[in-house]
Student: 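First the structure, then my questions, so here it is.
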Amino acid sequence: MNANTANRHALTICIVLVLYALLLPTVSGAQSARGSDSIDLSVNSISLDSLRGLLEIAIDTATKTPDYTLHLANEILTMSPDPIPIPDAVTARANYAAGLAEYYRGNFLISSSYYQKAVSSAYAKADKAFQARCFNNLGINQEITGNYEEALRAYLSSAEYCMKSQDSLGGYQTYINLGNIYSKLRDPESAEDYLQKAKRFFERIEDEYHLGLVYQNLGILPRINNSDERFEYLNKSRAIFSDSEYVIEEIAVTLDLVSAKLDGRVLDNIPELLARARKLIGKNNLPHFLANINFFEGRYFLEVGSYKLSFRSLQRALTLFRAVNDKDGIMHTYWHLSLLEGEIGNFGSQRIFLDSFLHHTTENFNQERADAISQYEIIFENQKREAELERVLLELNRQRLLSYTGITGSLILLAFMTFIIIAYRRLSQKHRKIFDLNKQTVKMSPENIPARRHQEPNPEITSAAVTSATSDDRDEERFIELY
């Protein structure tokens, strides 16, 4: 596909419409038992040449209409061999078309099974270019599902058959995929070597589409430590694929850009990029891309401290990765779930997720990831120590607070008791003075004044005086009781 790709696609769509219109009276002359939307493709109703034409157009438009491509391919594969057997070439290409359709529908294991049938056909063995294409697409499915060693073997077989068939374009297309798989296998030297070769070739023939793929893979190359250089490659790729014709490619490079930003902790406009990817998917059934979107959302929320949203997104990603059998995606999701649980201090859950991560490690688990595990163990132990230290400090602060509260309460109680004692003493002194004053007042009353010495004693007065004195004593006692 070169710079004139858009014009060629427009022409292809026109051919589809014209050919379909020409074949419509013949194809729809009888309806199959599958319903009114089915196509009767029996040999009696359509010629083999017309069938081949429809199949090739369905292959070319599989990106836009995977459901139609799959339907047509399955109709061909289930055709009765009577009265005329279906040629092996048609069956092989129908399997290829079905594999392509299932790939765009996100069913990678089913897609691989169709490619396996196609590549083992006699037609494929005779047509090296077709065989190379089958191996290339089979490698893509293996790569997506995390079988990197199988993907590498498939890509190398594809490159070999391209050389045998002198298919330079196909060979350099496979070089792009070889660069990507070597990157994932942590062999950046081999990856860059293949990508630079592909870059020079596609620059020479001015093939913008494949240059976009080269830039995309150079942008995610582990050897490039300069974030600015990575972003430059990815943005150049994204600019090429921003055309509405390249929906799948734009989604892929947008998610690669998000991944690069998260790796470099450059968090600006990540939500906008993820929203763009979701919008591009729309109502299309692309579970693998949806899984990656949820995965990157989970990573982003983890970085900004929104732990509940992070957990929710990672759980959705895990479900979708399981649905498409993406082993690498499952493994990385468990890893980030373990990091999340460590951040919030749930060390028991963190250990469970770490065990699941180790259980799902794929064959490409290498020394770098082993180092990551070692680093994780250090982080895990440090987090436990920090949590324990925090718990001890909280307990000490609580005890200090209780101690300070007890001391303060004791001081307040002591002050209060001191105040009561002083007030009591003051009141006692005041009342004692009043009592003494009253006592003196009673003694100075007329009845208590003694008789003159020269007056003769009067028995009645004496008796009254005695009585009065007794009465005074009682009054004094009554005063004391009332007081």
Side-chain angles (χ1 to χ4, degrees), residues 63 106 144 176 179-180 183-184 188 191 195 199 208-321 324 326 328-329 332-333 335-337 339-340 342-344:
T63 305
I144 289 174
I176 298 174
N180 186 38
S183 174
K184 291 184 176 180
L195 290 172
K199 180 173 176 286
E208 194 175 49
Y209 174 82
H210 287 98
L211 270 177
L213 294 178
V214 171
Y215 293 148
Q216 178 183 357
N217 284 281
L218 283 171
I220 61 176
L221 193 63
R223 191 174 183 178
I224 299 177
N225 297 319
N226 188 335
S227 296
D228 293 337
E229 189 178 0
R230 295 184 70 181
F231 296 152
E232 181 183 355
Y233 276 126
L234 291 170
N235 283 320
K236 285 171 70 174
S237 175
R238 193 160 176 254
I240 292 172
F241 295 137
S242 60
D243 192 305
S244 60
E245 185 180 2
Y246 306 125
V247 174
I248 300 297
E249 290 81 359
E250 186 181 354
I251 295 171
V253 73
T254 299
L255 294 179
D256 283 338
L257 182 58
V258 170
S259 179
K261 282 177 171 287
L262 287 168
D263 290 343
R265 296 197 170 182
V266 182
L267 305 182
D268 62 301
N269 82 320
I270 285 180
E272 291 80 5
L273 290 171
L274 291 171
R276 172 64 179 167
R278 280 192 183 277
K279 184 178 179 181
L280 288 169
I281 290 175
K283 295 180 180 180
N284 296 316
N285 182 27
L286 299 171
H288 187 258
F289 283 130
L290 285 173
N292 278 283
I293 288 173
N294 281 285
F295 173 71
F296 290 129
E297 282 179 345
R299 286 186 60 186
Y300 171 75
F301 287 133
L302 177 58
E303 287 290 339
V304 299
S306 299
Y307 299 133
K308 288 185 179 179
L309 292 175
S310 176
F311 185 80
R312 195 178 307 159
S313 295
L314 290 173
Q315 286 285 4
R316 283 198 295 262
L318 188 62
T319 300
L320 290 166
F321 280 134
V324 298
D326 185 342
D328 210 44
H332 281 95
T333 304
W335 170 258
H336 283 88
L337 280 168
L339 294 179
L340 170 62
E343 285 291 329
I344 60 180

Student: Hey, does the side chain of Asn180 reach the backbone of Ile176 with a donor-acceptor pair shorter than 3.5 angstrom?
Tutor: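 Here the side-chain-to-backbone pair does not exist.
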
Student: Decide yes or no for Tyr233 and Asn217: does some side-chain heavy atom of the first lie under 4.5 Å from some side-chain heavy atom of the second?
Tutor: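 Not touching, per the 4.5 Å side-chain cut-off.
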
Student: Output, in order, the C-alpha distance, side-chain angles, deciding distance and verdict of side chain to side chain contact (heavy atoms under 4.5 Å, CB included) for Val247 and Thr63.
Tutor: CA-CA 9 Å; Val247 174; Thr63 305; over 6 Å; no

Student: State, with a plain yes or no, whether a side-chain heavy atom of Ile281 is found less than 4.5 Å away from one of Ile293.
Tutor: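 The answer is yes, as the side chains (C-beta and beyond) meet within the 4.5 Å cut-off.
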
Student: Could you tell me if the side chain of Thr333 sits less than 4.5 Å from the side chain of Gln315, heavy atoms only?
Tutor: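 With C-beta onward as the side chain, the pair stays apart.
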
Student: Looking only at heavy atoms, what is the nearest atom pair of Ser237 and Tyr215, with distance?
Tutor: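 Looks like CB-CB, 3.9 Å.
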
Student: Quick one: ring-ring contact (aromatic ring centres under 6.0 Å, His included) partners of Phe295, sequence neighbours excluded?
Tutor: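 Once residues adjacent in sequence are excluded, the partners of Phe295 under the ring-ring contact (aromatic ring centres under 6.0 Å, His included) criterion are His336.
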
Student: To the nearest 0.5 Å, what is the distance between NZ (Lys308) and CG (Leu340)?
Tutor: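 Interatomic distance, Lys308 NZ to Leu340 CG, rounded to 0.5 Å: 12.0 Å.
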
Student: CD1 of Ile251 to CG of Asp256: how many Å apart, nearest 0.5 Å?
Tutor: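 So the gap between those two atoms works out to 12.0 Å.
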
Student: Between Val253 and Leu234, which heavy-atom pair has the shortest distance, and what is it?
Tutor: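 Scanning both residues completely, I find the closest heavy atoms to be CG2-O, 3.7 Å.
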
Student: What pairs with Lys199 under side-chain hydrogen bond (donor to acceptor under 3.5 Å, both in side chains), at least two apart in sequence or on another chain?
Tutor: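 Listed in chain order: Glu203.
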
Student: Going by the angle between their ring planes, with limits at 30° and 60°, are Phe241 and Tyr246 parallel, tilted or perpendicular?
Tutor: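 Perpendicular, since the angle between the ring planes exceeds 60°.
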
Student: To the nearest 0.5 angstrom, please state how far the CD1 atom of Ile240 sits from the NE2 atom of His210.
Tutor: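 Reported value, rounded in 0.5 Å steps: 11.5 Å.
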
Student: Roughly how far apart are Thr319 OG1 and Leu290 CG, rounded to 0.5 Å?
Tutor: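 It comes to 12.5 Å.
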
Student: Minimum heavy-atom separation for Leu320 to Ala291, with atom names?
Tutor: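 The answer is CB-CB, 3.4 Å.
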
Student: What are the two closest heavy atoms between Leu255 and Ala277, and how far apart are they?
Tutor: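 Looking at all heavy atoms of both residues, the shortest contact is CD2-CB, 4.1 Å.
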
Student: If I take atom CD1 from residue Ile344 and atom CG from residue Leu339, how far apart are they, to the nearest 0.5 angstrom?
Tutor: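 If we round to the nearest 0.5 Å, Ile344:CD1 and Leu339:CG are 11.5 Å apart.
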
Student: Considering all heavy atoms of both residues, which atom of Gly179 and which atom of Ala191 are nearest to each other, and what is their separation?
Tutor: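 For Gly179 versus Ala191, the nearest heavy atoms are O-CB, 3.1 Å.
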
Student: Report all side-chain donor-acceptor pairs from residues 259-276 shorter than 3.5 Å, counting only partners two or more places apart or in another chain.
Tutor:
residue : atom : partner : partner atom : Å
Lys261  : NZ   : Asp268  : OD1          : 3.4
Lys261  : NZ   : Asn269  : OD1          : 3.4
Asp263  : OD1  : Arg299  : NH2          : 2.9
Arg276  : NE   : Glu250  : OE2          : 3.1
Arg276  : NH2  : Glu250  : OE1          : 3.4
Arg276  : NH2  : Glu250  : OE2          : 3.2

Student: Nearest 0.5 Å, please: how far is CZ in Phe301 from OG in Ser310?
Tutor: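 Answer for the OG-CZ pair, Ser310 versus Phe301, is 8.0 Å.
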
Student: What is the minimum heavy-atom distance between Arg316 and Asn294, and which atoms define it?
Tutor: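 What the structure gives for the nearest pair is NE-OD1, 2.9 Å.
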
